[in-house]
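Below, chains carry the letters A, B, ... as their sequence lines are ordered, and counting in each starts from 1. Everything numeric here is computed off the predicted structure, so don't read it as measured data.
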Amino acid sequence: MGPFILRRLFFLIFVLFGVSVLIFGILMSFSPERRAAAYITTPQQAKDLPRLVRTYGLDDPFYIQYGRWVGEVAAGNLGWSLVAAQPVWTAFWMYFPVTLELNLYAAPLIIWFGIWLGTRSAIHRDDWFDHLSRVFAIIGWSLPTFLFALVLLMVFYGYFRMFPPGIIGDETALYIMNHPESFSRYTGMVTVDGILNGNWRVALDGLRHLVLPVTTQVIVVVALLMRVMRSGMIEELSKDYVITARAKGADDRTVHLRHARKNALIPVVTVAGQLVAFSMEGSIAVEVVFNRQGMGWWLAESATQLDMPVLMGMCLFMGLVFVITNLVIDILYAAIDPRIRLV
Amino acid sequence: MSADMAGDDRRDGRRETGAGAHPILEAKDLVVNFYTYEGVVKALNGVSLTIPHGITFGLVGESGCGKSVFVRSLMGLVQEPGRIDGGELIFYPGPPSGDGPVQGVDLLRQPESYLQRIRGDRISMIFQEPNAALNPIMTVGEQVAESFLFHRVREMSEKIAADLGAGGGRTTGPVKAVLRVLCGISARNPHARVLRVLNRVPVLKRWRRRLLREALSRSAELLGRLGISNPEEVIRRYPHNLSGGMKHRIVIAMALACKPVLLIADEATSNLDVTIQAQILDLLKGLKETEISSVLLITHDLGVVAETCDRVGVMYAGNVCEIANVGELFRNPRHPYTQALLNAVPKMAQTGPLESIEGTVPNLVDPPPGCRFHPRCPNAGEPCREVFPEMREMGVGHRVACYFPVEDIG
Ligand SMILES: Nc1ncnc2c1ncn2[C@@H]1O[C@H](COP(=O)(O)OP(=O)(O)O)[C@@H](O)[C@H]1O
Ligand code: SF4
Ligand SMILES: [Mg+2]
């Protein structure tokens, strides 16, 4: 397995090169002045656009500009984020934990719930449970995320005052700021840090802010996984080895869980992996509606303001997530399916 | 109708085959329908058949005539959207004991839990496609061991308890005591709810592993008996690492694990090349002497029937149209369909699949009224088009469902 992982990580270099050239090329289609405008902070500078273009070398040929960017990245400098008013690297460690924390709760729920729902509705095909969960899936799938998020927010915050938007309550934020010696931010994730510091008040406050975004994410995304699981399970249940198992005297539980479900999980691993990978980039709708400044929010802001270093950094991040996810998927595949060899 | 006729059948079974006199299974007026979108497929239209104890019974007929549906309904495994809509399936699970009457149970009126106990233990089945019949992601050992784990937990628990008592193994002191208690529980009731809970406790899981190990060693031993060399190694392999013939033996092993009284082989040798087919048939023949009492062999190869079967049933479009001992059937076929089948194979003993006979198998959603064979039958007359012909005895142990049978040549 070692050589397999090394080979895959070697492959990563090409992926990163490919996506970065692609995105860089697209961004180059904006005129040098447009790109220079992104650096303006005072009216004074606006008059001097050509000078900015020259200073940053924005009218140099593509390969020179790209080479310059690669050089900087290789030296460990990802550039400066205008949106965050911080270096990209520092800003990343501010925004990423917010998105990661949401997925820390959402992803296991999506996977567990999707597999459970899909399995059950395949087993009870065409009875009320199946119909109900399919209606649920269609609603989750077709409802726009932002609309669903807004409705949840209006009901549970606007009306019941239970689950506020944001990442953390003002009081809790103040408490953390005022007690730097007794509360250390290990991970940047509110609930995790709360638990690591043994501070339940902080952890619970973080959790309170997570309920609605996690719910939205789960309901919107679980539909896809459930459908893959359901159709896989139905297909497996119709296969001959299931009849063989029954002919041996297997009970329903053994047939469903030991034989069919394990086989049906093979395609589910791919879909689940890709869902998790996509989620790491943050859901823009969820982060904007619930006012959680994470990766999705940052990406949206940077895109609208043409924050080039952020966009380039983001594409490196996505390439990395993509390759690692596929690596994990392949390893899981080999663990489930003996027919697959890691080469 | 069926009670009397079944009685006749039993009698002739005794006289003609000379083997077991008792029936092992009696199907009476079995009706199976498939409720599809295109309409109701009337797959079995009142099938009555008696399989005597101790013989190999062949079931032949063109593809689509309901052979597989029939044998699946014997095991309660008719697939969606099929339903058994009528009839009786009397099964005699115990060995025939002297002259006393054998108790029969109607499988159609038993709960699923009873069928689960019967399947794979008293009645087993081997399938046409060993490739598809094996779970691709479980080892051969795990799959064969399941047969023991489903039906032989009690016996295996007693053995493990005895082993623990004899003081073998590394397990010591209190753990051993607990394991013995678990063995005790499972020897009394293998399905005890307590066990399911206790099996999740880490140390106690060892008990479950012990059971699995016992089942695996029995599996290896069984494969060895079926002539597989190196069984200890084979049980650790996955199906995709085995040759076709080997997979076939594994499928047979799974069916034989608990020494069933009835083994059903549904076209088990149809897709094999001739040498392997001969090997497998020899294996089945040998096993019939030692391990199982009766075999129900489904095939569309009359050569195989002539070589291996004692008695034959011919099916056409959801009906049994003729039943006779094998010599009698080949020498003196009475049903026009049987005769057509035999004529399609030039020489009786010649091996090979059936040639097609004129006309096509009727659509079972809207089958012809009366005798379902009448559109293709050279003898068809007035009553054939209206009323279904009942089975009649036309010679010793020779039963035919036909108004105008082929001439009796004695
Ligand atoms: N799952 C099913 N759905 C609908 N019809 C079926 C199904 N299985 C079998 N049948 C019908 O039952 C009839 C008998 O099929 P089968 O027993 O498989 O024939 P064979 O004698 O070749 O084994 C066929 O006409 C087929 O159309
Ligand atoms: S009953 Fe009539 S149609 Fe049917 S096989 Fe006999 S002669 Fe032919
Ligand atoms: Mg068939």
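Considering only heavy atoms from C-beta on, B/Met125 stays 4.5 Å or farther from A/Ile243 through its side chain. The shortest side-chain heavy-atom distance between A/Asp240 and B/Phe127 does not fall under the 4.5 Å cut-off. Counting only heavy atoms from C-beta outward, the side chains of B/Val251 and A/Thr244 never approach each other to under 4.5 Å. In this structure, A/Lys262 and B/Met138 have side chains that are not in contact, with every pair of non-hydrogen atoms separated by 4.5 Å or more.
Looking only at heavy-atom pairs under 4.5 Å with chain A, the residue among B/Ala133, B/Pro260, B/Ser147, B/Gly120 that has the most is B/Ala133. Top candidate by heavy-atom pairs under 4.5 Å with chain A, chosen from B/Leu134, B/Asp121, B/Leu77, B/Asn135, is B/Asn135.
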Practice item. Quick one: do A/Lys248 and B/His151 satisfy side chain to side chain contact (heavy atoms under 4.5 Å, CB included)? Show the steps, please. Key: CA-CA 9 Å; A/Lys248 270 188 279 184; B/His151 303 293; 5.6 Å; no

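Heavy atoms closer than 4.5 Å to chain B are found nowhere in A/Lys239, neither backbone nor side chain. At a 4.5 Å heavy-atom cutoff, A/Ala260 makes no contact with chain B through either its backbone or its side chain. For A/Ser238, the part lying near chain B is the backbone, with the side chain staying farther off; criterion is any non-hydrogen pair under 4.5 Å.
Atom CZ of A/Phe129 has more than 12 neighbouring heavy atoms from other residues, nucleotides or ligands inside a 6.0 Å radius. No more than 12 heavy atoms of other residues, nucleotides or ligands shown are found within 6.0 angstrom of CZ on A/Phe278. Counted within 6.0 Å of CZ on B/Arg109, heavy atoms from surrounding residues, nucleotides or ligands total more than 12; the atom is thus considered enclosed.
The two atoms that bring B/Phe150 and A/Ala245 nearest to each other are CE1-O, 4.3 Å, heavy atoms only. Summarising the geometry of A/Pro338 relative to B/Pro136, their closest heavy-atom pair is CG-O, 3.6 Å, with the distance given to 0.1 Å. The nearest pair of heavy atoms linking A/Arg246 to B/Arg119 is O-CD, 3.1 Å.
Separation of atoms CD1 (A/Ile234) and CD (B/Glu80) is listed at 11.0 Å; rounding is to 0.5 Å. For the atom pair A/Leu265 CG and B/Ile137 CD1, the distance stands at 8.0 Å (nearest 0.5 Å).
Looking at B/Glu146 and A/Arg258, a side-chain N of the basic residue comes within less than 4.0 Å of a carboxylate O on the acidic one, giving a salt bridge.
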